[in-house]
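Small disclaimer: the values here were computed from a predicted structure and weren't measured. Index from 1, following the sequence.
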Amino acid sequence: MSSSLSPGLIVLLGVTASGKTNLAVQLAQNLGLPILSADSRQVYRGMDIGTAKPSLAERSQVAHYLIDLVDLNSSFSLAEYQMAAQNLIQQFHTQGITPMLVGGTGMYIKAILHGMKIPQVAAQPELRRQLESLGQRHCHQLLTQVDPATNIHQHDQVRTIRALEIFLVTGTPPSALQQEHPPDYPILQIGLETPTNHRDLISDRLVQMLKQGWLSEIQALQQQYGADHPLLKTLGYGEMSAYLANQISLGQAQQATITHTLQFAKRQRTWFRNTGSQRYQIHWCDRTVSISSLLDLIHNRENWQVHPHNN
């Protein structure tokens with residue numbers, strides 16, 4: 001991108017299995033830009049195949065950041081992600097470089113674009129163990145009582161526990177602590193529409209993941225961190241873990257994964273249509289959009305926005 005233009009941030013977002021990774025690599029190669037991941041599970045080492053983490057070949061073509069930051073036995077909060085991402089963006093800006101933020105974790109993207117002020121509360125291991133012993137259903141009910149404004153899904157154990165942890169430490173609902181200070185640099189958001197053949201794409205990707213050795217990946221993680229680790233209960237990993245425990249057949253695990261992935265994608269789509277466009281316009285494109293069309297969109301500076309709060 002022209003060095004005469006002030007550096008900003010390109011955001012490429014979309015639901016899971018919408019083709020973000022491949023498109024991002026092509027764009028980054030054309031523009032000579034680095035990619036910052038916005039995926040809440042790709043920050044963990046070892047969760048590679050099941051999170052569709054960019055391959056080593058893709059990472060050799062384009063520099064990727066915010067991947068493989070911590071082990072599964074280490075906590076990694078939204079505040080830590082925000083700090084790491086903001087520091088990288090600032091470093092690139094001092095070099096006149098506009099990075100590309102790519103992913104589908106809505107809260108990660110919101111933390112950057114909205115400049116959320118996130119409470120710095122250290123992990124409380126004993127408190128977490130006590131909360132986990134109550135069960136996810138009870139914990140989520142408790143969260144909705146103390147923080148009615150929460151948007152955390154009822155099956156998201158990691159974020160539910162974290163929200164309760166913040167409340168019990170600070171005495172304030174997490175949603176009330178999240179003040180916002182939008183960044184002062186220009187931002188361009190590009191969204192990939194959900195493909196009409198999404199179920200087929202998810203199914204094909206799942207088959208490919210299994211061929212790549214996903215089950216072996218899960219078994220290795222179970223041996224290292226224990227089969228009951230919360231992250232091994234998340235989308236895909238939980239269903240395949242049930243198969244490995246002989247609770248369901250492989251076919252049942254595959255169908256459950258596809259169904260749950262579609263449900264997750266629906267929640268992502270709702271998030272991006274509502275929360276994702278609150279401050280900055282999202283330029284929606286079909287996954288078959290040409291690279292030349294996207295380059296035209298990016299090079300037209302009229303499509304970029306600086307939040308009015310900063311004008």
Side-chain angles (χ1 to χ4, degrees), residues 11 13-16 18 20 37-43 51 75-83 85-86 101-121 123 128 131-132 134-183 187 189 191-192 194 230-231 233-236 238 259-282 284 307 309:
V11 181
L13 56 83
V15 303
T16 184
S18 59
K20 296 185 297 295
S37 171
D39 187 295
S40 61
R41 295 192 300 175
Q42 291 184 2
V43 300
T51 65
S75 62
F76 190 77
S77 67
L78 177 63
E80 290 174 301
Y81 172 82
Q82 182 192 50
M83 183 178 297
Q86 288 176 334
L101 186 68
V102 181
T105 299
M107 283 300 293
Y108 274 19
I109 297 173
K110 180 181 178 181
I112 304 303
L113 301 194
H114 288 225
M116 294 166 56
K117 185 177 181 181
I118 305 167
Q120 298 283 346
V121 176
R128 288 186 178 185
L131 290 171
E132 289 170 359
L134 298 176
Q136 171 60 13
R137 182 178 179 182
H138 182 79
C139 282
H140 194 269
Q141 289 176 342
L142 178 61
L143 176 61
T144 58
Q145 291 173 10
V146 301
D147 191 1
T150 185
N151 59 8
I152 296 175
H153 191 267
Q154 61 181 342
H155 297 313
D156 191 337
Q157 182 185 29
V158 174
R159 290 182 60 210
T160 298
I161 296 295
R162 176 58 179 168
L164 285 173
E165 183 178 51
I166 291 172
F167 172 76
L168 293 172
V169 170
T170 66
T172 305
S175 61
L177 292 169
Q178 295 174 345
Q179 302 174 16
E180 298 182 352
H181 301 279
I187 290 172
Q189 279 201 105
L192 288 187
T194 304
L231 285 166
K233 302 294 185 182
T234 58
L235 181 60
T259 298
H260 295 158
T261 302
L262 285 168
Q263 292 170 345
F264 174 63
K266 184 177 180 180
R267 295 195 297 272
Q268 286 180 300
R269 183 167 60 250
T270 300
W271 172 277
F272 291 135
R273 293 291 182 182
N274 297 334
T275 307
S277 57
Q278 283 179 351
R279 292 192 180 277
Y280 306 94
Q281 176 186 1
I282 300 178
W284 289 100
H307 192 264
H309 174 78

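Between Leu143 and Cys139, every side-chain heavy-atom pair lies at or beyond the 4.5 Å cut-off. Side-chain contact between Val146 and Pro173 is absent, with no heavy atoms from C-beta onward closer than 4.5 Å. Side-chain contact between Gln189 and Leu113: present, with at least one pair of heavy atoms (C-beta onward) separated by less than 4.5 Å. Contact check for Arg279 versus Pro182: side-chain heavy atoms found under the 4.5 Å cut-off.
With rounding to the nearest 0.5 angstrom, the CZ atom of Phe264 is 12.0 Å from the CZ atom of Arg269. Taken to the nearest 0.5 Å, the CG atom of Leu101 stands 6.5 Å off from the CD1 atom of Ile112. Going from atom CD of Gln82 over to atom NE2 of His114 covers 12.0 Å, rounded to the nearest 0.5 Å. Taking CG of Leu164 as the start and CG of Leu142 as the end, the distance is 5.0 Å to the nearest 0.5 Å. Taking CG of Leu235 as the start and OG1 of Thr261 as the end, the distance is 4.0 Å to the nearest 0.5 Å. The CD atom of Gln157 lies 5.5 Å from the CD1 atom of Ile161; values are rounded to the nearest 0.5 Å.
Scanning both residues, Trp284 and Leu192, for their nearest heavy atoms gives CZ3-O, 3.5 Å. The minimum heavy-atom distance linking Ser75 with Ala123 is given by the pair OG-CB, 3.6 Å. Contact between Ile109 and Phe272 at its shortest, heavy atoms only, is CD1-CE2, 4.1 Å. The two residues Pro183 and Gly115 have their closest heavy-atom pair at CD-N, 4.3 Å.
Leu168 is linked by a side-chain contact (heavy atoms from CB on, under 4.5 Å) to Leu127, Leu131, counting only residues two or more places apart in sequence or in another chain. With sequence neighbours left out, His138 forms a ring pair (Phe, Tyr, Trp, His ring centres under 6.0 Å) with no residue at all. Residues satisfying the side chain to side chain donor-acceptor pair (under 3.5 Å) test with Glu80, not counting sequence neighbours, are Ser77. Scored by the side-chain contact (heavy atoms from CB on, under 4.5 Å) test, Ala265 finds Val15, Thr16, His198, Gln268 as partners (sequence neighbours excluded). Partners of Ser40 by side-chain contact (heavy atoms from CB on, under 4.5 Å), not counting sequence neighbours, listed by chain and number: Thr105, Tyr108. The side chain to side chain donor-acceptor pair (under 3.5 Å) search around Ser18 returns none, not counting sequence neighbours. Residues satisfying the side chain to side chain donor-acceptor pair (under 3.5 Å) criterion with Asp156, sequence neighbours excluded, are absent altogether. For the salt bridge (Lys or Arg N to Asp or Glu O under 4.0 Å) test, residues two or more places apart in sequence or in another chain that qualify with Arg128 are Glu165. In this structure Arg273 satisfies the salt bridge (Lys or Arg N to Asp or Glu O under 4.0 Å) test together with Glu193, sequence neighbours excluded. Scored by the side chain to side chain donor-acceptor pair (under 3.5 Å) test, Thr160 finds Gln136 as partners (sequence neighbours excluded). Scored by the side-chain contact (heavy atoms from CB on, under 4.5 Å) test, Val169 finds Val121, Gln124 as partners (sequence neighbours excluded).
A donor-acceptor pair under 3.5 Å is absent between the side-chain atoms of Glu180 and the main chain of Met116, judged by distance alone. The closest donor-acceptor contact from the side chain of Gln42 to the backbone of Thr51 lies under 3.5 Å. A donor-acceptor contact shorter than 3.5 Å links the side chain of Thr270 to the backbone of Lys266. Between the side chain of Lys20 and the backbone N or O of Gly14, at least one donor-acceptor pair lies under 3.5 Å.
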Applying side-chain contact (heavy atoms from CB on, under 4.5 Å), run through Met107 and Tyr81 and close with a yes or a no.
CA-CA 10 Å; Met107 283 300 293; Tyr81 172 82; over 6 Å; no
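Residue pairs satisfying the side chain to side chain donor-acceptor pair (under 3.5 Å) criterion with at least one member in residues 139-152, sequence neighbours excluded, are listed as follows: Asp147-Ser175.
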